2 protein chains.
Amino acid sequence: MATTRDRQLVEQWRSIQNSYFRTAGAIDRALEAKFDIGLNEFEILDLVADSEESACRMKALGERTPMTQSAVSKVVDRLEKAGLVSRQTCVDDRRSLFLELTEAGRALHSSAAVEHRALLAENLG
Amino acid sequence: MATTRDRQLVEQWRSIQNSYFRTAGAIDRALEAKFDIGLNEFEILDLVADSEESACRMKALGERTPMTQSAVSKVVDRLEKAGLVSRQTCVDDRRSLFLELTEAGRALHSSAAVEHRALLAENLG
DNA sequence: TCAATGTATATGACGCGTCATTCAATGACA
DNA sequence: TGTCATTGAATGACGCGTCATATACATTGA
């Protein structure tokens, strides 16, 4: 029952998987080694960094990443513990939070972003 | 310092991530719901199914998937516990194992593969 | 033949993501 | 205004993947 079409699909899928894992793995290892944060932490940092206006952001973050709401919450926990980000309560809606980079967070982000972009370029051609 | 090139890279990367997660998630949920196995279990089953000659395979499997050796070992544990696969010791080299689909494994694989291919087609266009 | 070294798999501790649930605040509407 | 549903976020239990290691077998070479 395995049609040629099927084989093509499977091949295409394996190649996507490989390039995804290769790229994600390379970035993750590099960031871990040089900046002591993982890929997901960086992604959140990166999202916060490029939405510099202060909206109520936890929620918005969840919509810009494939991560679960609860995953985002835990990533932010770690970032906060590491002193890179701080949670600000939101006056309009006291259930919401928005995030701010600390000085340290801003500094780390700008170095890490260079590395991140370089590895993307290298892996995505 | 964010060049246009950087933004393009990041966009490209986010789109890869999204399509990877969307596809993997859809397949995983469907297989879980209908056949009670996860995506990684299916991938191993699928690899075993299409290398029908009996070589010493655990090792070979590791080379055809981004999974770690130890991940493969645990996936196979689960498949074996579920009665879908059996580990055969290898006479030539008693460190090695090769895998065989059981009847149940073969049956499940052929139904699940249909679902898998359909979801790939749907998600990869 | 006997170290020493290498190779195939298994295992345990650990970190992270997910799901289900919880909690607080908000909104809707009688 | 008081109830009821809804929403933003946090939390705990749990499963899985990873890393470092262990174990058993194999190979090399003196």
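Labels below follow one simple rule: chain letters A, B, ... track the order of the sequence lines, proteins then strands, and each chain is numbered from 1. These numbers come from the heavy atoms of this one structure, side chains and all, not from hydrogens, waters or symmetry mates. This structure is a prediction, so every number in the text was calculated from the model and none was measured.
Applying a 4.0 Å cut-off to non-hydrogen atoms, the residues of residues 75-88 of chain B that approach DNA chain C are B:R87, listed by residue number. For the segment residues 16-27 of chain B, no residue has any heavy atom less than 4.0 angstrom from an atom of DNA chain D.
Of all heavy-atom pairs spanning A:L119 and A:A26, the tightest one is CD1-O, 4.0 Å. Taking both residues in full, the closest heavy atoms of B:A24 and A:W13 are given as N-CH2, 3.8 Å, listed atom of the first, atom of the second, then distance. Summarising the geometry of B:A121 relative to A:R5, their closest heavy-atom pair is CB-NH2, 4.4 Å, with the distance given to 0.1 Å. Looking at every heavy atom in both residues, A:L45 comes nearest to A:G105 through CD2-O, 4.5 Å. Across B:R106 and B:L101, no two heavy atoms sit closer than the pair NH2-O, 3.5 Å. The two residues B:V75 and B:N40 have their closest heavy-atom pair at CG1-O, 3.9 Å.
The NZ atom of B:K59 sits 14 Å away from the P atom of C:dA10 (whole-angstrom rounding). When rounded to the nearest whole Å, the span between CD of B:E63 and C1' of C:dT9 equals 14 Å. The separation between A:L61 atom CG and D:dA9 atom C1' is 13 Å, rounded to whole Å. In this structure, CD of B:E43 is placed 15 Å from C1' of D:dG17, rounded to the nearest angstrom. Atom C1' of nucleotide D:dC16 and atom CD of B:E41 are separated by 9 Å, given to the nearest angstrom. Rounded to an integer number of Å, the gap from B:L97 CG to D:dC25 P is 12 Å.
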Mind listing the N/O atom pairs, protein and nucleotides 19-21 of chain C, below 3.5 Å?
| residue | atom | partner | partner atom | Å |
| --- | --- | --- | --- | --- |
| C:dC19 | N4 | A:S70 | OG | 3.0 |

Between N or O atoms, less than 3.5 Å apart, protein on one side and nucleotides 22-29 of chain C on the other: list the pairs.
| residue | atom | partner | partner atom | Å |
| --- | --- | --- | --- | --- |
| C:dT26 | OP1 | A:R94 | N | 3.2 |

Nucleotide N/O of nucleotides 3-5 of chain D paired with protein N/O under 3.5 Å:
none

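Listed by first then second residue, pairs satisfying ring pair (Phe, Tyr, Trp, His ring centres under 6.0 Å) with a partner in residues 28-48 of chain A read A:F42-A:H109, A:F42-A:H116, not counting sequence neighbours. Listed by first then second residue, pairs satisfying salt bridge (charged side-chain N to carboxylate O under 4.0 Å, His left out) with a partner in residues 60-74 of chain B read B:D50-B:R64, B:K59-B:E63, not counting sequence neighbours. Note on residues 32-45 of chain B: pairs passing salt bridge (charged side-chain N to carboxylate O under 4.0 Å, His left out), not counting sequence neighbours, are B:K34-B:E115, B:E41-B:R78.
When the side chain to side chain donor-acceptor pair (under 3.5 Å) test is applied to A:Q8, no partner is found at least two apart in sequence or on another chain. Partners of A:E80 under the salt bridge (charged side-chain N to carboxylate O under 4.0 Å, His left out) rule, at least two apart in sequence or in another chain, are A:R87. With sequence neighbours excluded, the residues satisfying side-chain contact (heavy atoms from CB on, under 4.5 Å) with A:A104 are A:L84, A:T102. Listed by chain and residue number, A:R22 satisfy the side chain to side chain donor-acceptor pair (under 3.5 Å) test with A:N123 (two or more places apart in sequence, or in another chain).
Comparing B:S73 and A:N40 by the nucleotide of DNA chain C that holds the closest heavy atom to each, the one mapping nearer the 5' end is B:S73.
Side-chain atoms of A:L99 and A:L61, non-hydrogen and from C-beta on, do get closer than 4.5 Å to each other.
The backbone N or O of A:G62 sits nowhere less than 3.5 Å from a side-chain atom of A:T65 that would complete a donor-acceptor pair. Under the 3.5 Å distance criterion, the side-chain polar atoms of A:T23 are left unmatched by any main-chain donor or acceptor of A:Y20.
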